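Let me begin by presenting the structure, written as structure tokens, before commenting on it.
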There are 2 protein chains.
Amino acid sequence: MFKDLDPLLHSQLRLAVISILVSVEEADFVYLREKTGSTGGNLSVQLEKLNEAGYIEIEKGYSGKRPRTLCRITEIGRNAFEQYVEALKSYFKATT
Amino acid sequence: MFKDLDPLLHSQLRLAVISILVSVEEADFVYLREKTGSTGGNLSVQLEKLNEAGYIEIEKGYSGKRPRTLCRITEIGRNAFEQYVEALKSYFKATT
DNA sequence: GCCAAATGGTTTATATTATAAACTTATTTA
DNA sequence: TAAATAAGTTTATAATATAAACCATTTGGC
């Protein structure tokens, strides 16, 4: 009746991050921090989890002399997101 | 940009429970346990949290000689659920 | 009638999580 | 050159979800 919700996406911040990455296809640490309104520390941890799961890839480089961390969603991440949305629907079927 | 997700509803089991109660308007412990596929212990804890928050009311009685715990959603719970659905949409806007 | 199993729950223990505070390193700016 | 800012990471903490263990009652088998 109810589909399981991927615990990796069932987290406010990680969901927000993926939600952004799904549409922009590339975003840096600062952009994500500002758009999600999170603290850097929290973001850092959650990005690492998404990275370990293979949902995103992280590329660390520089913009001028400043460090710059770029994030991109992977195919795995994109699929997981779609599945998550599908799973969620099973919780709202009754309502609609 | 992203609306906060009510932590009380952002939980697989509690969301499933509310999702059921929104449509049936009355359900007992055993029914909820079976439909959600949860353990009784977990269900008991989560029902209590929903009750404390005023999202549901719990009525303990008997069906014959067997104990029977009935649950109903409250107006507060119904509103919270609607808000939760609304909030979630902010995470999927980009996709649609 | 009595013992074993089942029913309907609750309490308690555990392991995971989310989150922010504190910290590091480097770079501007005053 | 000292203070502030920037970009992240590590670490500590508090909250959470979850299931295991438990309790009380009742039913079924002999």
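Letters A, B, ... mirror the listed sequences (proteins, then strands); counts begin at 1. Not measured: the values here are computed from a predicted model.
Ring-plane geometry between B:H10 and A:H10 is classed as parallel, the angle between the planes falling under 30 degrees on a 0 to 90 degree scale with a further cut at 60.
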Checklist entry - Along nucleotides 11-16 of chain D, 5' to 3', which nucleotides get a B, which get an S, and which get a -, given that the test is a protein heavy-atom distance under 4.0 Å? => result B-----

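Taking both residues in full, the closest heavy atoms of B:S19 and A:F2 are given as OG-CE2, 3.5 Å, listed atom of the first, atom of the second, then distance.
Under the 4.0 Å criterion applied to side-chain N and carboxylate O atoms, A:E25 and A:R72 are not assigned as salt-bridge partners. At a threshold of 4.0 Å, the pair A:K89-A:E86 counts as salt-bridged, since one of the basic side-chain nitrogens sits closer than that to a carboxylate oxygen.
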Pairs under 3.5 Å (N/O, protein and nucleotides 3-7 of chain C):
residue: C:dT7; atom: O3'; partner: B:R66; partner atom: NH1; Å: 3.2

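Evaluation of the side chain to side chain contact (heavy atoms under 4.5 Å, CB included) rule for B:I58 yields B:L47, B:E48, B:N51, B:I56, B:K60, B:T69, B:C71 as partners, not counting sequence neighbours.
Rounded to whole angstrom, the span from the NZ atom of B:K60 across to the P atom of D:dA24 amounts to 15 Å. C:dG8 atom C1' lies 18 Å from atom OH of B:Y31, rounded to whole Å. Regarding A:L15, its CG atom lies at a distance of 16 Å from the C1' atom of C:dT17, rounded to whole Å. We find that CG of A:N51 is positioned 15 Å from C1' of D:dG8, with the value rounded to whole Å. In this structure, CG of A:L8 is placed 11 Å from C1' of C:dT17, rounded to the nearest angstrom. A:D28 places its CG atom 7 Å from the P atom of D:dG8, with the value rounded to the nearest Å. Rounded to whole Å, the distance from CD on A:E48 to C1' on C:dT16 is 17 Å.
Ranked by how close their nearest DNA chain C nucleotide is to the 5' end, A:Y62 and A:G40 are led by A:G40.
Residue A:K65 places no side-chain N or O under 4.0 Å from the OP1 or OP2 atom of C:dT25. Put simply, A:N42 has no side-chain N or O that comes within less than 4.0 Å of OP1 or OP2 on C:dA18.
Residue contacts for A:T69: at a heavy-atom cut-off of 4.0 Å it reaches the sugar-phosphate backbone alone, with no base atom in range. Among the atoms of the strands shown, base atoms are found under 4.0 Å from some heavy atom of B:Q46. Residue contacts shown for A:Q12 are absent, as no nucleic acid heavy atom lies under 4.0 Å away.
The side chain of B:F29 lies closest to C:dT10 when the candidates are C:dT10, D:dT10, C:dT19.
Using a 4.5 Å cut-off on side-chain heavy atoms (C-beta onward), A:Y31 and A:I20 make contact. With a 4.5 Å cut-off on side-chain heavy atoms, A:L21 and A:Y55 do not count as touching.
Separation of the B:Y91 and A:Y84 ring centroids does not fall under the 6.0 Å cut-off.
Residues B:N42 and B:Q46 have side chains that bring a donor and an acceptor to within less than 3.5 angstrom of each other.
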